Amino acid sequence: MQETDFSYLNELNNVQRQAVETIDGPVMVIAGPGSGKTRVLTYRIAHLLKLGIAPWNILALTFTNKAAKEMKERIESKVGSDAYKVWMGTFHSIFARILRVEAHRIGYPNDFTIYDADDTKSLLKEIIKSMNLDIKTYNPATIRARISKAKSNLITPKAYAANEELLSYDRMQRVPMTHDIYQKYYDRCIRAGAMDFDDLLLQMFRLLYLNPDNIREKYQKLFRYVMVDEFQDTNHLQYEIVKLFVNFEDSPNNICIVGDDAQSIYSFRGATIENILQFQHDYPNVKIFKLEQNYRSTNYIVQAANQLILNNTKQIQKKIWTEQIGGSKIKIFKALTDREEGRKIIDLILEHKMRNHLKNSEIAILYRTNAQSRIFEEYLRRANIPYRIYGGMSFYQRKEIKDILAYMRLVVNPKDDEAFKRIVNYPKRGIGNKVMEQLLASAEKNNISLYESCFDAELTPRARKLINEFIRLIEGMRDKNKNGNAYETVSYIVKASKIADLLAVENTIESQSRLENINGLLNGVQEFVENDEFLGEEIIVNRDLPAYIQHISLLTDLDESDKETKDVITLMSVHLAKGLEFNSIFVVGLEENLFPSYLSMNDPDAIEEERRLFYVAITRAKQYLTLSYCNNRYQYGQIRSNDPSRFLEEIPEESLDTMSALLINPPKEFDKPKILGGLKPQKLKSSNFESKVDISNFKADNPNSLSTGMRVLHIKFGKGTILNIEGSSTNKVAKIKFDEIKDEEKRIVLRFAKLQIIDS
DNA sequence: GTAGTCACTATTTGA
DNA sequence: TAGTGACTAC
């Protein structure tokens, strides 16, 4: 090792430095937004390495792959490639890796598959139906949440069935059979060699707790230094696992947790701030460091955040501060409708970019629910601003990808019933409900998986023949996998399954893009196969198909982000934005019943969580923060009107740009001045923010008066030129090139379209 | 067994 | 509104 150089410690402020240097015993770091939390964690790990601790003796658990990846890269820049030998990753991915080696000790195959939310729901549905229960009463999504919560609280099916409190709750909810469903679901997962997301934690706990072959000691010895990021987001189960790693006789209790109670926004999935309080109780000699200096935002934003969070009753006292005085005040915009909100925000972004010389990548639009993204997407496209939407449908959730993935899963683990169900008749091979019912009955009778039941189920000759062909297909793929690497297997699957052929024959824009996605998947597999990966003491050379499947099962949309570092505007939910920062942030849809969500309205605790969520939203902004709301919004197909969000009132007046009122609609609408933290109604102008298509003046012309070459206005696409018109009188179709729609011209059916002639 | 139609309903956040 | 499930016709 080179001459040890600790000069990097000088790059830290006082508290940060203490948190980094206190490596022995329990440590708790309470870190406000933008206070250098990641910095502390990365420097701390780098420091441990510099002190000669072996990288594989360090366990660092995060909540997102992205956070782990970023930290690894930052540690690498300090200490080199040793960074990659640190056990660093999400709870789920680290535990999945351990279980891939140890699962056989607790009744699962090491090549277990991971059931995602869809798999779980589909299995629950099957179970509920098989019990002759009403699928509407027993909503699979609700049951899933219930089971997930039970698992997060270490309640096994047996414990559930013995828990009078839970049972009576279920009776009150008129779903008394929930415990039975849970038991059946649990058994079916084992039968299928599958773990859901919660099982990755629960089975990890079981492994350590049951302690076969003294396995617990092995990991207690290995992980000499344990760190947990975003501790406020851990649930009970996660904390219990961490304690099993750390607590043993004569343990030095080298555990460091980092978190911010004010940013706890995941209670819906079982996270509990109680863990932070409990931690102080469990480790009375804990050393606590509070990072309160904010290096991210201007004072207006920091003060607004401080004031806002004071409205919560439950919190650890702290006050964040910044040296960055001055800057832009917070702007608030009001719109009449959700569409107008979209239009205004995009207009504002255009102007904002010009005036402040911002790149697209410095701007983000944040919203409470993913459904809100559509309107912004539409106006961004119209304005020709490149953007990227996170959340919603991710690459690995696309149908074509999940189909291929299902083949891969069945190849690796033939007991995977959910994969089986998905592809047994895709592409169509004449195996329908009838045959499926027989297979299910046979599997149930013998307590075997569906695939296993294929071999000896009694079937009609026709079905027998089809099933045998299917078995041959899958066995062929399995052979391929035995001899080749993951890439070769997946290429073979794509070909042999005939999915690629099917899409090629279809030959639509849709199917083309599906084919491209499949190619993208293949490239991903190849990349995975070629890249070695470190973890622990040795290089993980095992880049096989099971490893790949596991890898992508735990990926999220966010993890794809830096693949293309294009200059685009970011659109995402506030939840996803946690941990990120942007120069300019737009938080939209600040209305009662939306943000805060209507589901939290009657629950003070839930309102506090919504407030923390808003706290997270505004503290993402470095320099510019803009908030908006509207009176009327389309929701579930009807217009609803909501009051402005209570959170707007909670922003201190000193932080607000009163000039932004000039851009708000006429006073007539402005009937609740108190909402804006004391803002008075003023003479207002809205002309700056008219859209390119002014809906109030729009008047469609008779389609028969249209002809080639005319300039027309379309209510959705804006101005354009008619290139030609074809078809008979009632079915006329016009080809129109719109000025602001890139690349293709649009084919517009005149019977439906509303076009106004602006120039003939 | 499959494809197409119609009616219904559930509306948050995510590893 | 959009996605899903049940039902019907082939």
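Computed from heavy atoms alone, side chains included, the values below leave out hydrogens, waters and symmetry copies. Sequence lines set the chain letters: A, B, ... in the order given, protein chains first and strands last, and positions in each chain run from 1. Note that the structure is predicted; figures quoted are calculated from it, not measured.
Nucleotide C:dT1 holds its C1' atom 16 Å from the CG atom of A:Asn370, rounded to whole Å. The distance between atom CG of A:Asn139 and atom C1' of C:dG3, rounded to the nearest whole Å, is 14 Å. Rounded to a whole Å, the CG atom of A:Asn433 is 12 Å from the C1' atom of C:dA6.
Both the sub-6.0 Å distance and the 45° axial angle are satisfied by A:Lys399 relative to the ring of A:Tyr426. Because its NZ or CZ atom is both nearer than 6.0 Å to the ring centre of A:Tyr390 and within 45° of the ring axis, A:Arg388 counts as a cation-pi partner of that residue. A cation-pi contact, defined as under 6.0 Å to the ring centre and within 45° of the axis, links A:Lys243 to A:Tyr239.
No contact: A:Lys136 has no heavy atom under 4.0 Å from any strand. Residue-level contact check: A:Arg640 touches neither bases nor backbone, having no heavy atom under 4.0 Å from any strand. Counting any heavy atom pair closer than 4.0 Å across all strands shown, A:Lys125 reaches sugar-phosphate atoms only and no base atom. A:Phe63 comes within 4.0 angstrom of sugar-phosphate atoms only, judged by non-hydrogen atoms across all strands, and of no base. Among the atoms of the strands shown, only primed sugar atoms or phosphate atoms (P, OP1, OP2) are found under 4.0 Å from some heavy atom of A:Tyr598. Residue contacts for A:Leu599: at a heavy-atom cut-off of 4.0 Å it reaches a base atom on one of the strands shown. Heavy atoms of A:Asn593 sit nowhere under 4.0 angstrom from any nucleic acid atom. Nucleic acid contact class of A:Val574 (heavy atoms, under 4.0 Å, all strands): none. Using a 4.0 Å heavy-atom criterion, one finds that A:Arg462 contacts the sugar-phosphate atoms exclusively. Using a 4.0 Å heavy-atom cutoff across all strands shown, A:Leu576 reaches sugar-phosphate atoms only and no base atom.
Nucleotides of DNA chain B nearest to A:Lys428 and A:Leu613 differ in position, and the one nearer the 5' end is that of A:Lys428. In terms of position along DNA chain B, the nucleotide closest to A:Glu610 lies nearer the 5' end than the nucleotide closest to the other residue of the pair A:Thr64 and A:Glu610.
Between chain A and DNA chain B, the heavy-atom contact criterion of under 4.0 Å yields a 5' to 3' nucleotide range of B:dG1 to B:dA15.
Between A:Phe268 and A:His575, the angle of the ring planes goes over 60°, which puts this pair in the perpendicular group of the 30/60° scheme. Ring geometry for A:Phe197 against A:His92 counts as perpendicular: the plane angle is over 60°, on a 0 to 90° scale with 30° as the lower cut.
Aromatic ring centroids of A:Phe63 and A:Tyr266 lie 6.0 Å or more apart. Aromatic pair A:Phe420/A:Phe470: ring centres closer than 6.0 Å.
Between A:Arg374 and C:dA2 there is a side-chain polar atom (N or O) within less than 4.0 angstrom of OP1 or OP2.
Nucleotides C:dT4 and B:dT13 have their P atoms positioned 15 Å apart, rounded to a whole Å.
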